[in-house]
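Below, read A as the first sequence line, B as the second, and so on, with proteins coming before strands; counting in each chain starts at 1. Please read these numbers as outputs of a predicted model, since none were measured by experiment.
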There are 2 protein chains.
Amino acid sequence: MRKKRKITIKDVAKKAGVGVGTVSRVINNNPHVKAQTKEHVLKVIQELGYLPNPHARRLSSGHTKIVTTIFPQMVGEFHQLLLSGIDSELEKEGYTSFVYPLYSENRYNFVRESSDFVLGTDGLIVDALNVDQLLLQFIPKNMPVVSVEYESEMYDSVLVDNYYGGMLAGDYLANFDEEIYIITHKKEGQLESTVFEERVNGFIESIERKGRKVTQIFEIQLDWLQAFNTAKIIFSNSKKCAIFAATDYFAFPVLEYARVVGLEPNKDFHLCGFDNLTLSDILNITTIKQPIVEMGSIAGQILLRKILGYVRKPQTIVLKPELILRKT
Amino acid sequence: MRKKRKITIKDVAKKAGVGVGTVSRVINNNPHVKAQTKEHVLKVIQELGYLPNPHARRLSSGHTKIVTTIFPQMVGEFHQLLLSGIDSELEKEGYTSFVYPLYSENRYNFVRESSDFVLGTDGLIVDALNVDQLLLQFIPKNMPVVSVEYESEMYDSVLVDNYYGGMLAGDYLANFDEEIYIITHKKEGQLESTVFEERVNGFIESIERKGRKVTQIFEIQLDWLQAFNTAKIIFSNSKKCAIFAATDYFAFPVLEYARVVGLEPNKDFHLCGFDNLTLSDILNITTIKQPIVEMGSIAGQILLRKILGYVRKPQTIVLKPELILRKT
DNA sequence: CTGAAAGCGCTTACAG
DNA sequence: CTGAAAGCGCTTACAG
């Protein structure tokens with residue numbers, strides 16, 4: 001019993017009594033095939049159970065119709081929104097995107113040390129990472145890349161004005177005669193983007209312009225419990241406080257802790273998040289809204305253009321965030 | 001000014017004065033190359049900025065060293081845990097995995113209607129989906145596939161005993177003299193897995209064995225607000241109740257709502273979730289723990305074996321969940 | 001509308 | 001240790 005040889009386009013051509021070119025045209029839905037021929041070839045394909053080899057197609061056609069989207073991690077809602085924005089554009093040209101989250105050392109290495117990885121699909125969208133450093137090694141000049149949430153020096157970038165967003169939060173929280181605290185994400189490794197720094201800097205700028213100052217800044221990891229414990233510290237320092245959570249993910253635990261100890265938002269304290277996730281809406285948290293889906297669709301659009309060959313020098317597109325005033 | 005032709009292995013070979021085979025051996029780290037030759041070739045590669053074409057490599061080598069992991073959506077923690085389990089095994093052989101979340105119609109279509117998609121990487125891990133239906137179209141017999149959280153009739157499956165998990169929850173909540181409610185996920189489309197049904201069935205079985213019965217079952221979408229509103233309904237029906245949330249994602253809003261209206265867990269009501277996510281630990285919610293990482297690593301291990309050619313008939317591996325007793 | 005053939009850029013026995 | 005050559009399985013002008 002010998003190994004079943006994989007059936008190829010040649011087998012189909014022979015059995016159908018046509019040339020391989022014709023079979024190729026059929027599987028690619030090329031309109032220049034007589035309806036009759038096409039039908040027949042299709043039947044033979046069925047009978048033989050023929051499946052085109054994607055690697056061969058990609059080698060000769062030169063494209064994969066796939067884009068890789070690199071995220072620092074998979075946190076859920078934010079990434080799904082961004083991705084659906086990206087999708088909305090890619091779909092127009094029959095493209096789709098794979099996700100590659102970089103939550104581990106090994107995953108970093110794959111991106112940094114394997115050119116196959118980088119060149120394996122038609123383009124790259126990189127979110128919230130120092131893409132210039134990340135892709136230093138293996139980037140041919142013509143590889144389409146778009147950076148999101150990080151201002152690249154080499155590629156098109158689409159960002160939200162995080163500094164301005166921070167200012168919006170500052171303008172809001174400076175209204176209250178309370179001690180001002182910041183809870184932000186501690187940057188780990190130099191490949192992470194600087195969005196959090198920008199938010200914090202904008203916030204501080206606004207606060208100082210108003211002649212106020214920030215009592216304390218807490219830098220923590222992206223972790224529910226750490227934020228919860230930070231809230232504990234803040235509230236034990238001063239009951240009356242205004243807290244800027246540089247991401248909604250930190251605002252939730254803060255609100256949670258406040259509830260546990262019976263503090264009432266908009267009375268005992270104020271809180272402003274960043275991101276405008278669904279949960280902020282439900283929990284009625286004041287926050288800074290980023291146009292996440294729009295950011296994705298712009299990134300997708302730019303990438304698609306580059307893939308299709310519209311060359312142009314890199315630009316940076318900056319979207320404006322807005323304050324969503326709610327009950328905290 | 002003419003288009004810069006892409007530089008290939010031939011260019012390197014010519015400039016280095018060696019055969020293409022030698023260049024190939026160098027870039028593949030084949031040990032049978034004289035150190036001197038290797039060094040020289042490497043230098044030429046540098047100078048020319050040569051980057052091997054991954055499609056060509058894949059066509060002739062026959063593999064991509066990549067696996068595709070298909071999730072129904074990207075919810076965050078659960079998937080990251082599962083993926084890290086999968087990674088832990090794949091990494092041993094230099095493999096990594098791309099994520100393909102199926103949160104949209106279009107994404108379903110890519111999987112179902114494109115053989116390039118299915119055959120584009122060396123193997124598939126499919127989570128919580130009816131993989132037998134999903135992959136009906138384009139699956140050659142030798143394509144390595146492993147199903148997670150769904151018992152496939154065609155492929156290896158690794159599951160948690162959800163029925164048993166449901167029973168554990170039932171055994172726990174039946175202890176209290178309270179009205180019993182279930183909040184579960186409404187299955188949308190026949191491609192979703194049946195884990196929720198199994199959890200619910202196990203739960204009911206246990207409850208009935210104890211001579212009790214379930215007052216009402218709520219089937220909702222995977223949505224914070226819907227769960228929150230469901231809690232509202234339940235608590236307005238009967239103050240004293242025992243709630244089984246078929247996923248922790250539903251348990252969080254329930255607890256939240258209870259807090260809002262001043263109901264105390266383990267006194268005014270009881271609550272048991274499912275999944276044991278970090279937040280359940282923090283919020284002190286009693287839940288059913290699934291060995292998520294283990295599930296991933298077993299799936300990764302099986303897939304890897306199939307890729308490497310260890311054929312064997314499909315098996316189903318069932319892991320046991322356990323009750324994590326906390327303060328609800 | 002269709003076939004024969006060149007070409008995509010590698011890997012891998014094979015022979016030395 | 002190394003080179004020449006076949007082969008991987010397609011797509012795409014080209015000629016008809």
Taking [atom1] from [X] and [atom2] from [N], how many angstroms apart are they, rounded to a whole number?
X	N	atom1	atom2	answer
A:Lys6	D:dG7	NZ	P	17 Å
A:Asp11	D:dC8	CG	C1'	14 Å
A:Asp116	C:dC10	CG	P	10 Å
B:His32	C:dA15	NE2	C1'	16 Å
B:His55	C:dG7	NE2	P	21 Å
A:Leu51	D:dG9	CG	P	13 Å
B:Leu119	D:dG9	CG	P	13 Å
A:Asn53	C:dC10	CG	P	17 Å

In terms of relative ring orientation, are A:Phe98 and B:Phe117 parallel, tilted or perpendicular, with 30° and 60° separating the classes?
parallel
Contacting residues from residues 57-68 of chain A, given that a heavy atom lies under 4.0 angstrom of DNA chain C:
A:Leu59, A:Ser60
Which heavy atom in [X] sits nearest to a heavy atom in [Y], and how many Å separate them?
X	Y	result
B:Asp127	B:Pro72	O-CD, 3.2 Å
A:Tyr103	B:Ser84	OH-N, 3.4 Å
B:Ile9	B:Ser24	CD1-N, 3.8 Å

Which nucleotide in the set D:dC10, C:dG9, C:dC1 lies at the smallest distance from any side-chain heavy atom of A:Ile9?
D:dC10
Pull out every residue in residues 15-30 of chain A that has a heavy atom closer than 4.0 Å to any atom of DNA chain D, ordered by number, or say none.
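Correct list: A:Gly21, A:Ser24, A:Arg25, A:Ile27, A:Asn28.
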Applying a 3.5 Å limit to both distances, which nucleotide forms a Watson-Crick or G-U wobble pair with C:dA13?
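Pairing partner, where one exists within any strand: none, as none qualifies.
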Residue matched to D:dA4 through Watson-Crick or wobble contacts both under 3.5 angstrom
none
Is it true that B:Asp156 and B:Lys306 make a salt bridge, defined as a side-chain N closer than 4.0 Å to a carboxylate O?
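Result for this pair is yes, salt bridge flagged.
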Under 3.5 Å, is there a donor-acceptor pair linking the side chains of A:Lys38 and A:Asn29?
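Short answer, yes.
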Exercise: do B:Ser88 and B:Ser297 side chains pair donor with acceptor under 3.5 Å
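No, no side-chain donor-acceptor contact under 3.5 Å.
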Which part of the nucleic acid, if any, lies within reach of B:Pro54 when heavy atoms closer than 4.0 Å are counted: base, sugar-phosphate only, or nothing?
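No contact.
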Can you tell me if B:Thr8 touches the phosphate of C:dC8, counting only side-chain N or O atoms and a distance under 4.0 Å to OP1 or OP2?
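It does not, given that no N or O in the side chain of B:Thr8 lies less than 4.0 Å from OP1 or OP2 of C:dC8.
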With distance as the sole test, does B:Lys65 use its side chain to make a donor-acceptor pair with the main-chain N or O of B:Glu93 at under 3.5 Å?
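At least one qualifying donor-acceptor pair exists.
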Using a 3.5 Å distance criterion without hydrogens, assess whether the side chain of B:Asn28 forms a donor-acceptor pair with backbone atoms of B:Asn30.
no
